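This is a predicted model, so every value here is computed, not measured. Just follow the structure's listing: the first ligand is 1, and inside any ligand the first atom is 1.
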Amino acid sequence: MLRVLQIVRLSSRCSSSFVSRMRFLNGLKQNDDVCSAALQDAHMFLFHRLSPLLQRNHQGTFRTAELRTSDVQSLLENLGSDRTLLQEAVLIGCTEQNQAQFCLDIGGLDQTAAEELCGGTFVDLRKSFFLLSGAEAPLVAKAQALLRWHQTSGFCSATGQPTHRNQAGSQRTCSSSGIIYYPKMSPVVIVLVSDGERCLLGRQATFPRGLYSALAGFCDMGETLEETLSREVAEEVGLEVQSFSFSSSQHWPFPQSSFMMACHASVSPAHSQLCVDHSELEDARWFSQQEVLSALQTPPHRGGRAPPSPWLPPKHAVAHRLITEWIQNTRS
Ligand SMILES: NC(=O)C1=CN([C@@H]2O[C@H](COP(=O)(O)OP(=O)(O)OC[C@H]3O[C@@H](n4cnc5c(N)ncnc54)[C@H](O)[C@@H]3O)[C@@H](O)[C@H]2O)C=CC1
Ligand SMILES: [Mg+2]
């Protein structure tokens with residue numbers, strides 16, 4: 001109990017609300033009692049078999065359903081589940097007012113009944129990620145990644161024995177060996193290559209028709225960011241990078257959690273002849289500023305009619321940010 005009070009006092013004494021929130025969250029991860037107390041009055045993000053619950057408002061835009069712990073408790077009772085399912089909730093963040101945010105997957109319960117009771121729909125993450133705006137999309141992606149990790153990490157890979165989670169869901173421990181497991185992400189470098197005048201975009205055969213994006217590749221064990229970047233560009237399009245700069249990063253939930261590190265890179269215009277590895281990319285091409293600018297100005301493609309060419313990644317993707325930064329930098 002003393003520890004609980006210390007964490008609450010430590011958080012509330014801090015002058016910066018950001019520092020206070022980070023200390024509060026860290027306290028919840030470290031202390032199961034504090035976390036259990038926070039779970040009793042928290043914001044809850046509901047999932048059904050890893051699809052988040054969304055509601056449509058009067059303007060036709062989508063939001064995550066705003067549920068509190070007490071709403072979820074009533075829902076579980078109405079669906080004939082016992083309240084202990086709530087203990088499977090996973091901590092994902094906290095509001096500006098230091099109110100904890102948790103997610104919970106109720107995949108074992110009746111989906112249609114849950115949707116009727118909540119007035120919403122469970123929407124596949126690939127779709128919901130692009131329907132949501134602002135801070136909601138990354139929060140839902142994070143929640144789904146954590147829920148998926150718990151669903152696939154029930155046993156220790158060294159002993160085969162069950163693992164048990166802490167209350168926050170930030171780690172799992174093997175009941176036999178004591179090995180601690182943490183949620184896993186794969187580091188990926190994504191790079192927009194330019195020759196000064198044009199930028200290089202490529203597409204995999206599995207991309208939707210017309211979609212071109214920046215080059216991307218998983219980091220090999222032991223590689224630095226710059227080594228991955230140079231290797232991927234060499235492997236995929238046969239070019240040698242001269243220089244690069246870091247732009248920003250993003251957690252990307254598809255197909256599984258990746259940590260995307262986004263960079264700009266330049267190659268010499270005298271050595272810009274592409275030699276595409278077609279086992280990795282269906283196509284890769286240089287695009288002029290004008291082509292990229294008009295693709296950026298095309299309204300989002302919603303299916304039906306033919307897609308624009310090139311069709312660029314949506315705003316939530318860090319590839320979109322790289323492309324808009326390149327346009328700004330080359331025009332200024
Ligand atoms: N957020 C964004 O703007 C964008 C994100 N991406 C993401 O970047 C990621 C990497 O891009 P790719 O060109 O597919 O990578 P890639 O060029 O490294 O090729 C994928 C292949 O790498 C191998 N691989 C090595 N380590 C792996 C790991 N940890 N997980 C899975 N496969 C591994 C597999 O054989 C796989 O088929 C993809 O998951 C994709 O979704 C790609 C473009 C834009
Ligand atoms: Mg690649």
Side-chain angles (χ1 to χ4, degrees), residues 50 124-133 135 137-142 144-145 148-149 152-153 157 181-194 199-239 241 244 246-265 267 274-285 287 292 295-296 300-301 307 310-327:
L50 298 176
D124 179 75
L125 186 74
R126 274 196 187 268
K127 204 165 165 203
S128 45
F129 190 70
F130 299 108
L131 287 172
L132 294 170
S133 57
L139 194 62
V140 161
K142 172 183 177 173
Q144 200 241 28
R148 191 211 317 245
W149 177 71
T152 53
S153 308
S157 53
Y181 292 91
Y182 296 97
K184 210 175 56 199
M185 295 188 290
S186 300
V188 171
V189 175
I190 177 161
V191 53
L192 188 64
V193 178
S194 166
C199 78
L200 180 60
L201 300 172
R203 57 171 278 110
Q204 294 179 12
T206 53
F207 282 10
R209 197 155 54 100
L211 182 70
Y212 279 77
S213 186
L215 304 183
F218 290 96
C219 296
D220 279 350
M221 185 65 80
E223 269 183 341
T224 61
L225 182 158
E226 47 274 43
E227 284 167 347
T228 306
L229 186 152
S230 304
R231 176 180 57 74
E232 282 293 335
V233 174
E235 275 177 12
E236 296 193 354
V237 292
L239 296 180
V241 164
F244 82 97
F246 177 76
S247 159
S248 49
S249 60
Q250 175 184 50
H251 169 246
W252 188 245
F254 314 112
Q256 301 215 342
S257 289
S258 296
F259 175 59
M260 313 283 308
M261 294 171 280
C263 298
H264 292 277
V267 296
L274 301 179
C275 174
V276 179
D277 177 353
H278 289 288
S279 65
E280 297 223 19
L281 295 176
E282 186 182 74
D283 187 27
R285 277 190 247 160
F287 289 88
V292 173
L296 281 173
H301 178 60
W311 172 21
L312 298 180
K315 287 205 168 76
H316 288 348
V318 77
H320 185 98
R321 180 198 279 240
L322 282 174
I323 293 166
T324 50
E325 281 174 352
W326 177 74
I327 284 287

Taking the side chain from [X] and the backbone from [Y], do they hold a donor-acceptor pair closer than 3.5 Å?
X      : Y      : value
Tyr181 : Ser157 : yes
His320 : Pro313 : yes
Thr324 : Arg321 : yes
Gln250 : His316 : yes
Ser257 : Pro253 : no

* Of all the N, O or S atoms in Glu236, which one sits nearest to the Mg ion (ligand 2)? ->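 Atom name returned: OE2.
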
Using a 4.0 Å heavy-atom cut-off, say whether [X] meets ligand 1 through its side chain, its backbone, both or neither.
X      : result
Leu215 : neither
Gln256 : neither
Glu280 : side chain

* Closer than 2.8 Å to the Mg ion (ligand 2), do we get an N, O or S atom from Ala216, backbone or side chain? ->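 So Ala216 counts as coordinating the Mg ion (ligand 2), yes.
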
* To do: Answer yes or no as to whether an N/O/S atom of Glu232 is found below 2.8 Å from the Mg ion (ligand 2).
  =>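 No.
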
Top protein contact for [atom], by heavy-atom distance:
atom                    : answer
atom 29 (N) of ligand 1 : Ser186 OG, 3.3 Å
atom 16 (P) of ligand 1 : Gly217 CA, 3.7 Å
atom 5 (C) of ligand 1  : Met260 CE, 3.3 Å
atom 14 (O) of ligand 1 : Gln204 NE2, 3.3 Å
atom 17 (O) of ligand 1 : Glu236 OE2, 2.8 Å

Does any N or O atom in [X] lie less than 3.5 angstrom from one in ligand 1, N or O only?
X      : answer
His320 : no
Ala319 : yes
Ile190 : no

* For Arg203, look at atom CZ and say whether over 12 heavy atoms of other residues, nucleotides or ligands are found less than 6.0 Å away. =>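 Yes, CZ of Arg203 has more than 12 neighbouring heavy atoms, counting only those of other groups under 6.0 Å.
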
I'd like to know whether ligand 1 has [X] as a neighbour, heavy-atom separation below 4.0 Å.
X      : answer
His316 : no
Ser213 : yes
Glu235 : no
Glu232 : yes

For [atom], state whether the nearest protein heavy atom is under 4.0 Å away.
atom                    : answer
atom 35 (O) of ligand 1 : no
atom 43 (C) of ligand 1 : yes
atom 11 (O) of ligand 1 : yes

To the closest 0.5 Å, what do you measure between [atom1] ([X]) and [atom2] ([Y])?
X      : Y      : atom1 : atom2 : value
Leu215 : Leu322 : CG    : CG    : 10.5 Å
Glu325 : Cys199 : CD    : SG    : 12.5 Å
Lys142 : His251 : NZ    : NE2   : 9.5 Å
Cys263 : Ile190 : SG    : CD1   : 10.0 Å
Leu50  : Leu125 : CG    : CG    : 8.5 Å

For a 4.5 angstrom cut-off between non-hydrogen side-chain atoms, does [X] reach [Y]?
X      : Y      : result
Phe244 : Val191 : no
Leu274 : Leu239 : yes
Cys219 : Val189 : yes

Relative to the heavy atoms of [X], which atoms of ligand 1 are at a distance of less than 4.0 Å?
X      : result
Ala216 : 8 (O), 11 (O), 12 (P), 13 (O), 15 (O), 16 (P), 17 (O), 42 (C)
Gln250 : 1 (N)
Pro255 : 39 (O)

* To do: Take Phe129 and Trp252 through the test ring-ring contact (aromatic ring centres under 6.0 Å, His included) and record every step on the way to the result.
  => CA-CA 10 Å; Phe129 190 70; Trp252 188 245; 5.6 Å; yes

* Which one of Phe254, Phe207, Phe218 has a non-hydrogen atom at the shortest distance from atom 32 (N) of ligand 1? ->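 Selected option, by shortest heavy-atom distance: Phe218.
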
